[in-house]
Amino acid sequence: MLKSKTFVKKTRSGGVMKIVREHYLRDDIWCGSEACVGCKQESTVLQKEPCIESSLCSYPHYLVPDTNVVLHQIDVLEDPVIQNVIILQTVLQEVRHRSAPVYKRLKDIMHEKEKHFYTFTNEHHRETFIEREPGESANDRNDRAIRVAAKWYSRHLKTSESNTDGLKVVLLTNDQGNKQKAEESGLLVHKCEEYVKSLIANPELVDRLALSNDDKNEITSSKVLFPEHLPLSRIQAGIKSGSFLQGTFRASRDNYLEATVFVQGEGEDSTEVLIQGLQNLNRAVHQDVVAVQLLPRNQWVAPSSVVLQDEGTAKDDDAEEEEENVVKPTGKIVGIIKRNWRPFCGMLNVSHIKESTRHLFTPADRRIPRIRIETRQASTLAGQRIMVAIDGWPKDSRYPNGHFVRSLGSAGEKDTEEEVLLLEHDVPHQAFSQAVLSFLPKIPWAIKPEDMVRREDLRHLTVCSVDPPGCTDIDDALHCRDLENGNLEVGVHIADVSHFIRPGNALDREAANRGTTVYLCGKRIDMVPELLSSNLCSLRSNVERLAFSCIWEMNREAEILNTRFTKSVINSKASLTYAEAQMKIDDTTKNDDITKSLRGLNKLAKILKRRRIEKGALTLSSLEVRFHIDSETHDPIDLQTKELMETNSMVEEFMLLANISVAKKIYDEFPECAVLRKHPAPPPSNYDILLKAAKSKDVEIHTDSAKALADSLDVARVDGFPYFNTLLRILATRCMMQAVYFCSGMDSDFHHYGLASPIYTHFTSPIRRYADIIVHRLLAVAIGADSTYPDLMEKHKQSTLCNNLNYRHKMAQYAQRASVAFHTQLFFKNRGILNEEGFVLFVRKNAIIVLIPKFGLEGTVFFGTKDKTAPNLVFDEGIPGVSVPAPDTEPQAKKPKLS
């Protein structure tokens, strides 16, 4: 049966186009139920005897949720108890258009066989499709379509010969009007809340209910604490007229009464608006897109110098600013354009009121406000890490209202804390699906003759890899040999991951979404399955591997005379650690081919590094620690800062050179769609902390250019304070902007400030970075080693991809730091009192920020108020398990001491 939909569409040129779309209706669409004998279905999803104990529905039944139930109660639908659910096509399409995250979660549920969720394409079934009536809104039409489909299911199952047990269909809706019309048409219908509360054997499921508007009204008080948010129409008009600004709300980690709104501008015209005080913050949550109104200039203030945590007071204090601080544009939040809420991890603060079901939840992320939830499981959840979702934030509530999602396990346990940090940093860490694994090569794998087409055989070269100890995902290998003309041939050989991951398949899509491998202490979250990351793509020694090679001819002064790129086959002669490679170079008794190659590489690398620094490349510093992990308990048993050797620098120099060489090649070939990496120069205000620190020791730092900064850092010395230069370099690192991926056709500023390079990309780590896979594909097309595909040449799609990669890389860095912080806590757990040298990085009005280099440890030390002559100093929760006793007081047991 064929129907057609006709509508008109305005074109870009201003014209009108009539569009006719054919809509096919069928009568052979299955109902998906085992109880049905009428449908000639090859497979079924819905069980014949669904069993769920409900005081409302004592009979076997299927559930049909409407769109709003799916959108707002997805946490309930994810619970294992909820099974045998019919998801109508109407609902699925509406959810897809209204919330991408909920749509993805719904699709994930539908793929779980044990959940028995069935998608019924009611919009293409002859008996359930309905036309929109004149004057009927799209929402009302969809509600009617849901009722018609539910009615059809009821009749269809009733007429089935095998339905002897009275199998019924229950519609779930929270819309009073929809519920009333459903009842009038003879449907079994309940509100989602009343149905969940009727589940006799699962009373804990009530905690996962998102609050309805009625519930929100019950919780809030009559006292208005916040200004009303403006409607979207007024916000849009205000942004258009220039009276409001649109930006991203960024809450402060250090002061709960302060935030900034980042307003994106053209080029370097982006600005930050300071927000201070509860009323001006006006219920915005970190990462929300908000509308902000600038205050008059005489009300602009400077950022607070007070470290302030939310102790539950409702007063609208504005933290005092220091006179020497620079006043910044200051504003207030007038409306929310887009909420970016997600489920948050944290701990429950159990109410002191006996038998109270209302409690406060404290998120792990200090930028998120505490959340008020209702739960009857408070005694069980105390001491556990749990997840909570926000439902809303009324203007008369000090905190947002939310609901319990799930428990993650006992706080402090390694598996629980690891799960928390992965969830909090949005790191995809689920097992690879069968759809993804199906695109892996079959084992045993060997290089075939067709693999050698357009590929050079370099198995004869003395290639070796140099990596950290325990590395199994070996991306890169190198070689250096003398040429007959007196010059040197140097090669960087990179794993040919793009040979195994083809564009657009499930494996490629998963790698693109993950974006990067995430390295935690003692654990790795792979971007690609282990068969590739640690085996077929890893350039291990004494096995043949496919590679992508960048080969230079250089003279003895490391000047490049010729560059070529080729897909290749290599056979690495050694997999070395940095220390092993260094020992080979330093051992004068060794003169084998591998050692000679390493010495040649090291000599050239020193020249390349000197030349880079002369051009203005920065040598900065950051504290990195390495844990020695117990092989049985997997707890850290030793901790030390990472030592860098010449071989670290040797590998780095040739990776940088390969990345620059490839960047030039792909940009020359594809000026509109090359994926490059840039590092913007910091705005002058970023250097304030560095200049202030240098000035405290009468040292002058110049920040006019990268070279000026590098030169002044090189001579920044203080007698009797050998660590001062390292401290300055650590601070200089924090002044830097984030390096980002971008598409060449969407940007004009390519410069990499830190490397002092006019162009740069990432080519050398495709096992752990998806950007490198795209760069490999571009380079392969450029040299005729592979064919292109549409998305590779589409600059807008490349730009969207770059945005995701930048986000994933940033989150991966934060997750790694959080993992180090947690393992540092484990290391200190039973260490007693330790005396170590520490340095004050920053001074605040009520705290100091302290750095302990040996442990890579940084924390906020608060000044207590009980005894002003001998203040208590306590490390902030950001570094768990570490506290510092006050002078002349008894130190806390089993906590390290700072001297």
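Checking R342, R808, K810, R514 one by one against D426, the salt bridge (Lys or Arg N to Asp or Glu O under 4.0 Å) holds for a single residue, R808. Residue R729 is tested with N725, T726, T733 for a side chain to side chain donor-acceptor pair (under 3.5 Å); the sole match is N725. Of the options E413, E418, E424, E417, a salt bridge (Lys or Arg N to Asp or Glu O under 4.0 Å) to R385 is made by E417 and by none of the others.
Within the 4.5 Å cutoff, side-chain heavy atoms of P682 are placed close to those of Y753. The side-chain heavy atoms of Q276 and V301, taken from C-beta on, include a pair separated by under 4.5 Å.
For F839 and F721, the distance between ring centers is under 6.0 angstrom. A ring-centre distance under 6.0 Å is found for W393 and F226.
A donor atom on one side chain and an acceptor atom on the other are found under 3.5 Å apart for H429 and E419.
A salt bridge links R734 to E858: at least one charged side-chain nitrogen sits closer than 4.0 Å to a carboxylate oxygen. Classification of D254 and R367 as a salt-bridged pair fails, no side-chain N sitting under 4.0 Å from a carboxylate O.
The closest donor-acceptor contact from the side chain of H359 to the backbone of I373 lies at 3.5 Å or more, if one exists at all. Remark: side-chain polar atoms of E258 are paired, donor with acceptor, to backbone N or O of S304 under 3.5 angstrom. Judged purely by atom type and a 3.5 angstrom limit, S757 has no side-chain atom pairing as donor or acceptor with the backbone of Y760. In this structure, N846 contributes its side chain and V307 its backbone to a donor-acceptor pair below 3.5 Å.
Residue K707 qualifies as enclosed at atom NZ: its count of foreign heavy atoms under 6.0 Å is above 12. Atom NZ of K332 is surrounded by 12 or fewer heavy atoms from other residues, nucleotides or ligands within 6.0 Å.
Residues meeting the ring pair (Phe, Tyr, Trp, His ring centres under 6.0 Å) test with F344, sequence neighbours left out: none. Residues meeting the salt bridge (charged side-chain N to carboxylate O under 4.0 Å, His left out) test with R817, sequence neighbours left out: none.
Taking CG of L294 as the reference point, atom CH2 of W300 lies at 6.0 Å (rounded to 0.5 Å).
A cation-pi arrangement, defined by a distance under 6.0 Å to the six-membered ring centre and an angle within 45 degrees of its axis, is present between R250 and F262. R677 forms a cation-pi arrangement with Y741, by the criterion of a distance under 6.0 Å to the ring centre and an angle within 45° of the ring axis.
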For a salt bridge (Lys or Arg N to Asp or Glu O under 4.0 Å) check, start with the C-alpha distance between E652 and K609, then their side-chain angles and the critical distance, and finish with the verdict. CA-CA 9 Å; E652 181 185 12; K609 184 172 184 177; 5.6 Å; no
I'd like to know whether R612 forms a salt bridge (Lys or Arg N to Asp or Glu O under 4.0 Å) with E653, so could you lay out the CA-CA distance, the side-chain angles of the two residues, the decisive distance to 0.1 Å, and finally the verdict. CA-CA 9 Å; R612 273 197 316 109; E653 288 305 317; 2.7 Å; yes
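Contact between S819 and C521 at its shortest, heavy atoms only, is OG-N, 3.0 Å.
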